[in-house]
*Asks:* 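Have a look at this one.
Quick note on labels: first sequence line is chain A, next is B, and so on, each numbered from 1. Predicted model, so just to flag it, every value in this text is computed and none were measured.
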There are 2 protein chains.
Amino acid sequence: MTVTSARAPRRRDALSRQRIVEAAIELLDADGESGLTVRALTSRLSTGRGAIYHHVAGVDDLLAAAADDVIRAATERTADGTDPTTAIRDLSLAIFDALDAHPWVGTQLAREPLQPAVLRIWKSIAVQLQGLGIDGSARSDAGAALASYIFGSAAQFAAGARRSSDEAKRQNYLDALASAWTERDDDQVVRDAASHLRDHDDRKQFMAGIDIFLKGIT
Amino acid sequence: MTVTSARAPRRRDALSRQRIVEAAIELLDADGESGLTVRALTSRLSTGRGAIYHHVAGVDDLLAAAADDVIRAATERTADGTDPTTAIRDLSLAIFDALDAHPWVGTQLAREPLQPAVLRIWKSIAVQLQGLGIDGSARSDAGAALASYIFGSAAQFAAGARRSSDEAKRQNYLDALASAWTERDDDQVVRDAASHLRDHDDRKQFMAGIDIFLKGIT
DNA sequence: ACCTGAACACCGTTCAAGT
DNA sequence: ACCTGAACACCGTTCAAGT
């Protein structure tokens, strides 16, 4: 009685770093940060657990690469030839929209300053600041400030965007948040903030911050 | 032959939420985010695994409570009676120093906008903006912008601060980061940014951003 | 060289049993 | 009511064995 091997047949199409990164983005978009597990990934790619370690260093590396993919697409969409102020606003909006579509990127950007996606954003900003004639340490201060503002906003909006699959859910979330705030601290200043929280527009508020910043550097 | 129970004797001094939060802060300060595990915590508190769940909802709740403890201490140190602009600068510095001493807080702040520590910072800022005569949606835009800037900076500096236990280590880290950047992208604008990165001062750069912001809202 | 999948060394959380 | 610690259902990563 011959016994066939229990081992699964070998996959035919080769794995690659890019294929793995794309699968990771699909998992992250579908289920958030917790959706990216080596087990889910290898099952989706029909491969063994250890296989991905031939192409990526580990889960941290994979998350950074996935975020960089998203940010690359966003920064490349910015038009050349416009004036630097408009370019900074366009760039900011492109990043905002990318984060809105992929909320997990917001959390990831705040995690590690060394990562490629962060360098990409820094560089895009620095180029425009150069266009505004800002140089030396003034440029690096302004660039760092704008980048930090974007990263901070990204992280804050990410939590909201995760729940904004539909408008009702988003409103529920904001109402609950506003109520939790006033419940915890019923100061007038908190009530004001909570009431603005209930009906604010993330995108508009984000751009208001960009404009405060632009006014501050000119 | 009588057999004594293998069970450990019951602890005498009662657990409390505050005792657990304090132990968590000690673990986080000593070993960073990865140092806070239920096992490490219950071993330090000489108690059983499940005991902490009588006082905290879980690890996420505990992290948020620990961050709030640190931020409370920082915001309470801000003096009354000074003019709002000085108060915002003092508040920012107090938060910066708290994050520098407890780098894990920077990462935690970026994780969840609903948490107490975030509300605390929002409120401290809003009070001062009110003092500057900024009201309505202008206040909530300015407050959100400043808070986002602080959260973004916090996360960026956290990664550096974790390595800055001594000056040589910090310089090594910055040099490696600057080299990695220019290696990846040898554009002039990146070389400039990398050279400023090598010898920048986190605290000064953070305050430069606060000042850009203050200029932008007045 | 690349892939497979079992094994390893961890996690957070739950819960029956004790005091 | 509070605590204990085993059990459960997961993780990421490594590595001998296969192709």
*Asks:* To the nearest angstrom, how far is A:Leu41 atom CG from D:dT13 atom P?
*Replies:*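 It is 12 Å, rounded to the nearest whole Å.
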*Asks:* B:Phe157 vs B:Phe96 aromatic rings, parallel, tilted or perpendicular, using cut-offs 30° and 60°?
*Replies:*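 Perpendicular, since the angle between the ring planes exceeds 60°.
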*Asks:* Tell me the interatomic distance from A:Asp31, atom CG, to D:dC10, atom C1', rounded to whole angstroms.
*Replies:*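 After rounding, the reported distance stands at 16 Å.
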*Asks:* So what's D:dA9 paired with, Watson-Crick or G-U wobble, going by both distances under 3.5 Å?
*Replies:*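 Across any shown strand, D:dA9 pairs with none.
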*Asks:* A:Val38 near the nucleic acid: base, sugar-phosphate alone, or nothing, with a heavy-atom cut-off under 4.0 Å?
*Replies:*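 Contact class for A:Val38: base.
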*Asks:* Taking any heavy-atom pair under 4.0 Å as a contact, classify B:Leu36: base, sugar-phosphate, or nothing.
*Replies:*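 Here B:Leu36 touches the backbone only, sparing every base.
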*Asks:* Considering only side-chain heavy atoms of B:Tyr53, which listed nucleotide, D:dC3, C:dT13, D:dT13, is closest?
*Replies:*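 The listed nucleotide nearest to B:Tyr53's side chain is C:dT13.
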*Asks:* Let me spell it out: for each of A:Ala57 and B:Gly50, pick the nucleotide of DNA chain D with the closest heavy atom. Which residue's pick is nearer the 5' end?
*Replies:*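 Whichever sits nearer the 5' end wins; that is B:Gly50.
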*Asks:* For A:Asp69 and A:Gln18, which I'm curious about, is there any donor-acceptor pair between the side chains at under 3.5 Å?
*Replies:*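 Yes, a side-chain donor-acceptor pair sits under 3.5 Å.
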*Asks:* Roughly how many Å is it from CD in A:Glu33 to P in D:dG12, rounded to a whole number?
*Replies:*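 Atom-to-atom, A:Glu33 to D:dG12, this comes out as 13 Å.
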*Asks:* Does either side chain, that of A:Gln130 or that of B:Gln188, offer a donor lying less than 3.5 Å from an acceptor on the other one?
*Replies:*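 Checked: A:Gln130/B:Gln188 side chains show no N/O donor-acceptor pair below 3.5 Å.
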*Asks:* Using a cut-off of strictly less than 4.0 Å, decide whether A:His55 has a side-chain nitrogen or oxygen near OP1 or OP2 of C:dC3.
*Replies:*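 Answer is yes, contact under 4.0 Å.
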*Asks:* For the side chain of B:Thr37, starting at C-beta, report the closest nucleotide among C:dG12, D:dT13, D:dC3.
*Replies:*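 The listed nucleotide nearest to B:Thr37's side chain is C:dG12.
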*Asks:* Rounded to the Å, how far apart are A:Ile52 CD1 and D:dC15 P?
*Replies:*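 The distance from CD1 of A:Ile52 to P of D:dC15 comes to 16 Å, rounded to the nearest Å.
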*Asks:* For B:Arg39 and C:dA9, give me the distance from atom CZ to atom P, rounded to whole Å.
*Replies:*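 Computing the B:Arg39:CZ to C:dA9:P distance gives 14 Å.
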*Asks:* To the nearest 0.5 Å, what is the distance between CG (A:Leu27) and CD (A:Glu33)?
*Replies:*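 Nearest 0.5 Å value for the CG-CD distance: 12.5 Å.
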*Asks:* Quick one: A:His54 NE2 to D:dT13 C1', roughly how many Å, whole number?
*Replies:*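 Answer to the nearest Å: 12 Å.
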*Asks:* Rounded to whole Å, please give me the gap between CZ in B:Arg49 and P in C:dC10.
*Replies:*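 After rounding, the gap between these two atoms is 12 Å.
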*Asks:* Please report the distance, rounded to the nearest Å, between CG in A:Asp61 and P in D:dG12.
*Replies:*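 One finds 14 Å between P of D:dG12 and CG of A:Asp61, rounded.
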*Asks:* D:dC2 pairs with which nucleotide, Watson-Crick or G-U wobble, both distances below 3.5 Å?
*Replies:*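 Partner of D:dC2: C:dG18.
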*Asks:* Under the 3.5 angstrom rule, does the side chain of A:Glu112 hit a backbone N or O of A:Ala64 as a donor-acceptor pair?
*Replies:*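 No.
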